[in-house]
Amino acid sequence: MTTNIDPATVPDWPAPVVRLTGQGSVEVDGVSLRLPQGLDGAEARGWAVQHVASKYSRLGRSIRVTAIEPDGARIPLIVHTDGTVQAAPEQAPARRRGLRFPSPAPRKGNVSLAKNPGEQREATGKSQARGLIAVGVFLSVIALIAVIVLNVGGSGDPTQAPNSRTQATASAPATPPPANLPKPAPDGWTTRAAWSLPISADITPAVAPNGTVAIVTDKGELAVLDPATGVARWTAEVPDGSSGALVFTRIDDQDVLALSSGQTLSYWPLDGKQHPRATAELPANGGTISFAGDSPLINLDEATAGVITNGKVRTVDLPAKSTALAADGKDVLAADGTGHVWTLSTDQKKPGKGLQLQPPGKDTGKNKGKGKSKKAPAAHLTRVLGVDSKRLAAIWQSGTSTTATVYAARDGKPLATAKAGQDVDISTARSTGELVALGPLLLNTADGTGREATGTTPKAAAAGRIYAIDQQQRTHALTAGSDTVIGGDDVALPLGVADRRALVVADKLGQRMLYALNPGTSGQQPAPGNSGQVEPPQPPGQDQ
């Protein structure tokens with residue numbers, strides 16, 4: 001069956017060009033592809049159209065394709081989602097992208113100024129006839145070989161080309177098309193995305209706690225999106241050669257979007273009508289940037305850390321043998337191996353004594369003299385981990401028992417404690433809201449409870465869930481009271497939740513894509529209005 005539609009309803013973009021060379025290869029959008037061995041003539045035409053149809057199948061609608069025969073004949077086509085091909089108008093409007101028409105010969109009055117008008121008409125007629133014959137042959141060939149077009153989209157109609165800055169449009173930007181996620185979805189969401197977008201393979205998107213979404217497009221343009229529609233609220237240029245991950249953070253008491261690349265940190269203010277890019281250069285002797293806290297923290301050598309103010313790096317001296325864990329504006333949270341904790345400022349001249357973290361279960365004096373009890377082995381500190389600017393965690397060892405406690409950074413108050421089995425790896429921290437994962441231990445700082453999800457390692461966190469991988473490479477969705485196995489290690493882990501949709505990244509047909517997944521009808525559902533964010537990489541891009 002052949003599908004025919006009004007060609008005027010097919011958008012100008014995309015308009016891929018397929019050029020048959022007749023030399024064992026085909027060009028698609030200027031990229032030369034080697035044909036499978038033994039294909040030529042009609043089979044080569046079919047293979048070329050099948051390739052371009054699959055490449056653009058995520059749009060879920062008919063597209064324009066211009067086929068160029070080895071002799072130079074141009075054949076404008078429309079390829080439909082059901083696998084059929086339709087001839088496009090003989091001459092599409094000149095604005096069609098990918099189509100080029102010769103300029104008409106100059107005229108004076110009703111007289112053509114071409115050298116030989118009669119010959120010109122004859123040549124034109126022959127060219128048109130040759131084109132019609134080629135179209136007929138091409139369509140019959142495609143019908144015989146049954147080109148397969150994967151219809152994974154819906155009725156979405158992206159009217160803007162990816163390089164939309166150079167393409168004018170009279171209408172408002174359209175919502176990107178829906179699509180199916182090509183791998184298992186995280187618990188609580190379906191594999192059907194409300195919208196999807198091609199993004200840069202070199203720069204990881206970000207989702208802010210308030211649901212704002214930021215990407216770098218496949219054309220290298222920074223875009224802050226409306227999470228409900230996927231439409232760009234504003235765009236900006238990204239420095240050439242950038243890589244890593246976008247991060248929502250705060251600099252100079254402003255919410256900004258940051259991107260660290262090499263020795264330069266670029267950042268854009270989120271508020272206001274203008275979003276000019278600012279930069280801060282890291283010290284020449286090196287340093288790494290982490291975003292565990294509310295602001296960027298620059299880890300430097302020789303007991304020094306840095307924060308960014310007014311576009312410059314200001315250093316903070318750390319106490320001897322201490323390590324900076326997180327930054328909040330001008331303040332730096334630091335700790336040492338003995339359990340001393342400091343909150344240091346760029347304006348502070350002396351660090352002071354700091355706080356001393358107390359081991360879990362230590363007698364504070366209230367129960368002294370009220371009976372005898374068996375003396376427990378003394379707990380000694382083995383590790384201190386940063387959670388964020390306001391919380392940190394300490395790992396204690398007592399005999400064969402391992403205990404993790406999360407503390408308030410300002411006063412050292414214990415917020416939650418959990419015990420683990422022997423010889424567990426507690427070197428990775430992830431958090432979402434009040435839930436903190438320390439290796440296989442899950443702690444709820446809202447009620448002080450904790451438990452062990454045996455054999456798991458946390459990888460991501462969003463919307464009240466910790467996503468962890470076990471020793472069999474299965475993915476778990478952990479909450480304060482449940483453990484749901486949601487598949488193997490190919491499950492798409494969410495960057496965050498916005499407008500009650502999970503934002504995930506996956507590769508499809510050779511393109512890195514961002515998917516906004518709808519809530520599912522089974523499994524644990526995201527709480528209304530809840531949003532969360534994966535702990536940004538340290539440094540950005542490290543674990544992506």
Side-chain angles (χ1 to χ4, degrees), residues 58 150 152 178-199 201 204-207 211 213 215 227 230 245 425 428-433 435-442 451-527 530-537 541-544:
R58 63 180 179 78
L150 299 176
V152 299
N180 289 333
L181 183 68
K183 56 172 57 180
D187 180 54
W189 286 276
T190 67
T191 55
R192 184 65 171 172
W195 53 262
S196 63
L197 276 175
I199 60 173
T204 304
V207 182
V213 180
I215 67 169
D425 180 12
T428 306
R430 292 289 186 270
S431 65
T432 169
L435 200 62
V436 179
L438 303 170
L441 297 180
L442 208 62
R451 65 183 179 87
E452 181 179 3
T454 306
T456 62
T457 300
K459 294 295 184 180
R465 292 177 176 86
I466 301 290
Y467 294 93
I469 304 296
D470 65 18
Q471 295 172 343
Q472 288 76 43
Q473 298 303 303
R474 298 177 303 173
T475 302
H476 296 244
L478 307 174
T479 65
S482 67
D483 180 348
T484 304
V485 178
I486 55 176
D489 58 358
D490 61 340
V491 172
L493 300 181
L495 295 169
V497 176
D499 194 44
R500 298 195 72 234
R501 293 187 176 119
L503 279 301
V504 303
V505 172
D507 291 337
K508 190 170 186 177
L509 297 175
Q511 174 68 62
R512 182 67 53 87
M513 301 288 295
L514 176 69
Y515 295 86
L517 304 182
N518 289 312
T521 57
S522 62
Q524 302 169 18
Q525 297 302 304
N530 195 11
S531 63
Q533 183 182 14
V534 171
E535 180 183 351
Q542 178 176 323
D543 294 325
Q544 301 303 320

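Because the structure is a prediction, the values reported are computed rather than measured.
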Problem set entry | Exercise: identify the closest heavy-atom pair between T479 and L442 | O-CD2, 3.1 Å
Problem set entry | Taking every non-hydrogen atom, the tightest pair across A185 and L517 | CB-CD1, 4.0 Å
Problem set entry | Separation of H476 NE2 from I466 CD1 (nearest 0.5 Å) | 13.5 Å
For this session: Check the pair R501 / N518 against side chain to side chain contact (heavy atoms under 4.5 Å, CB included), numbers first and verdict last.
Result: CA-CA 5 Å; R501 293 187 176 119; N518 289 312; 3.1 Å; yes
Exercise. Minimum heavy-atom separation for L197 to G230, with atom names?
Worked result: CD1-O, 3.7 Å
Problem set entry | Distance-minimising heavy-atom pair for P458 and R430 | CB-CG, 3.9 Å
For this session: With the side chain counted from C-beta on, respond yes when P440 and T456 share a heavy-atom pair under 4.5 Å apart, and no when they do not.
Result: yes
Exercise. Is the number of heavy atoms from other residues, nucleotides or ligands under 6.0 Å of Q472 CD greater than 12?
Worked result: yes
Problem set entry | Under 3.5 Å: donor-acceptor pair, side chain of T432, backbone of G464 | yes
For this session: Could you tell me whether the side chain of V213 reaches within less than 4.5 Å of the side chain of P205, counting heavy atoms only?
Result: no
For this session: Using side chain to side chain contact (heavy atoms under 4.5 Å, CB included) as the criterion, point out the one residue from I199, I215, L495 that pairs with T204.
Result: L495
Exercise. Can you tell me if K508 uses its side chain to pair, donor with acceptor, with the backbone of N180 under 3.5 Å?
Worked result: yes
For this session: Indicate yes or no for a side-chain donor-acceptor contact from W195 to the backbone of P227 under 3.5 Å, with no hydrogens or angles considered.
Result: yes
Exercise. So which heavy atom on D490 is nearest to which on P184, and how close?
Worked result: OD2-CD, 3.6 Å
Problem set entry | Distance in Å, R465 CZ paired with L493 CG, rounded so as to fall on 0.5 Å steps | 12.5 Å
Problem set entry | T475 and I469: CA distance, side-chain angles, deciding distance, side chain to side chain contact (heavy atoms under 4.5 Å, CB included) verdict | CA-CA 5 Å; T475 302; I469 304 296; 3.3 Å; yes
Problem set entry | Audit row: L503, L514, side chain to side chain contact (heavy atoms under 4.5 Å, CB included) steps and yes/no | CA-CA 7 Å; L503 279 301; L514 176 69; 4.1 Å; yes
Seminar exercise, completed: Heavy-atom closest pair (Y467 atom, A462 atom, distance to 0.1 Å) is CE1-O, 4.3 Å
Problem set entry | Separation between CZ of R451 and CG of D483, rounded to the nearest 0.5 Å | 6.0 Å
Exercise. Counting only N and O atoms by type, is there a donor-acceptor contact under 3.5 Å from the side chain of D507 to the main-chain atoms of G510?
Worked result: no
